[in-house]
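Report on one structure; see the data block that follows.
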Amino acid sequence: QVRPVESGGGSVQAGGSLRLACAASTYTGNRICMAWLRQAPGKEREGVAFIYTDNGSTNYADSVKGRFTISQDTGKRMLYLQMNSLKPEDTGTYYCAALAGAASCFFSPPGAYNTWGQGTQVTVSS
C-alpha cells in the first residue's frame with residue numbers, strides 16, 4: 001500500500017493524544033540521526049524530538065519534554081512520535097527529518113536536517 005512520508009495527524013482537544021508515523025524507508029540518505037520538526041502558523045520551523053537510530057538515544061525540546069516520545073521500528077525503518085497531553089501551542093505541521101551532514105544530532109538548526117514529505121497537520125483545540 002502507498003502511504004505518505006508523514007501520517008497520523010488530526011484534530012484533538014487539549015489533553016488528548018496523537019501518534020505520528022514516518023516512513024523512514026522512503027529516505028535514500030543517511031538515517032543515523034532522525035528527528036521530528038514542526039512549524040506553527042506564523043512561526044519558524046523548530047526541532048522537537050531527536051533520535052540516534054543506532055543506539056536509541058533521544059532528546060527533546062523543553063516545550064515537549066515529558067509529553068512527547070520519539071521511537072523507531074528498526075526492522076521496518078519506521079519512525080514514530082507519540083504525543084500526549086497535547087496543548088493548543090502544539091498546533092502546526094509536523095515533518096519527519098534526517099540529519100543532512102556532520103552536525104550534532106540534537107538541537108542543530110532546522111536547516112541542518114532534510115525533510116522529504118509534505119508533513120502532517122496537528123490541530124489542538126482548547
Side-chain angles (χ1 to χ4, degrees):
Q1 295 181 344
V2 178
R3 62 178 181 267
V5 173
E6 299 99 343
S7 62
S11 297
V12 65
Q13 293 180 330
S17 298
L18 288 170
R19 185 173 185 248
L20 308 185
C22 167
S25 61
T26 62
Y27 184 66
T28 60
N30 195 299
R31 302 184 190 92
I32 194 167
C33 174
M34 304 292 294
W36 285 95
L37 313 181
R38 73 182 179 190
Q39 188 164 16
K43 295 187 177 181
E44 297 295 319
R45 188 172 295 185
E46 62 175 340
V48 296
F50 311 86
I51 184 169
Y52 279 111
T53 56
D54 282 350
N55 61 23
S57 180
T58 63
N59 218 325
Y60 302 89
D62 287 343
S63 60
V64 307
K65 281 183 178 178
R67 300 188 298 116
F68 289 12
T69 303
I70 187 171
S71 62
Q72 64 180 335
D73 183 326
T74 56
K76 295 183 177 180
R77 293 179 177 175
M78 294 289 293
L79 189 73
Y80 302 98
L81 185 68
Q82 179 67 46
M83 305 186 295
N84 298 327
S85 301
L86 283 162
K87 303 176 180 179
E89 53 262 44
D90 295 319
T91 293
T93 304
Y94 285 71
Y95 300 89
C96 190
L99 190 70
S104 296
C105 183
F106 300 158
F107 305 113
S108 287
Y113 306 88
N114 286 333
T115 62
W116 66 101
Q118 294 299 114
T120 186
Q121 178 66 37
V122 172
T123 302
V124 184
S125 60
S126 60

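The chain is numbered in sequence order, starting from 1. All of these numbers come straight from a predicted model, not from anything done at the bench.
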Self-check item: Worked verdict on Thr93 versus Gln121 for side-chain hydrogen bond (donor to acceptor under 3.5 Å, both in side chains)
Solution: CA-CA 4 Å; Thr93 304; Gln121 178 66 37; 3.0 Å; yes
Quiz item: Does Arg31 offer a backbone N or O that forms a donor-acceptor pair with the side chain of Thr53 under 3.5 Å?
Solution: yes
Practice problem: Return each pair, listed once, that meets side-chain hydrogen bond (donor to acceptor under 3.5 Å, both in side chains) where at least one residue sits in residues 96-105; pairs must be two or more places apart or across chains. | Solution: none
Exercise. Determine the minimum heavy-atom distance between Ser126 and Ala14, stating which atoms define it.
Key: CA-CB, 4.2 Å
Self-check item: Minimal non-hydrogen separation, Arg45 against Leu37, with atom names
Solution: CD-CD1, 3.7 Å
Quiz item: Which hydrophobic side chains are connected to Ile70, either touching it within the sub-4.5 Å cutoff or through other members that do?
Solution: Val5, Val12, Leu18, Leu20, Tyr27, Met34, Trp36, Val48, Ile51, Tyr60, Val64, Phe68, Leu79, Leu81, Met83, Leu86, Tyr94, Trp116, Val122, Val124
Exercise. Could you pull out all residues at least two apart from Phe106 that satisfy ring-ring contact (aromatic ring centres under 6.0 Å, His included)?
Key: Tyr52
Quiz prompt | salt bridge (Lys or Arg N to Asp or Glu O under 4.0 Å): pairs with one or both residues in residues 33-42, sequence neighbours excluded | solution = Arg38-Glu46, Arg38-Asp90
Quiz prompt | Residue pairs fulfilling salt bridge (Lys or Arg N to Asp or Glu O under 4.0 Å) with at least one residue in residues 69-89, sequence neighbours excluded | solution = none
Quiz prompt | Any Asn84 side-chain heavy atom under 4.5 Å of Ser17 side chain | solution = yes
Quiz item: Linking I/L/V/M/F/W/Y whenever any side-chain heavy atoms sit under 4.5 Å apart, do Tyr113 and Phe107 land together?
Solution: yes
Quiz prompt | Gln118 side, atom CD; Ser7 side, atom OG - distance, nearest 0.5 Å | solution = 14.0 Å
Exercise. Quick one: which residue pairs count as a disulfide bond (SG atoms under 2.5 Å apart) with a foot in residues 87-126, not counting sequence neighbours?
Key: Cys22-Cys96, Cys33-Cys105
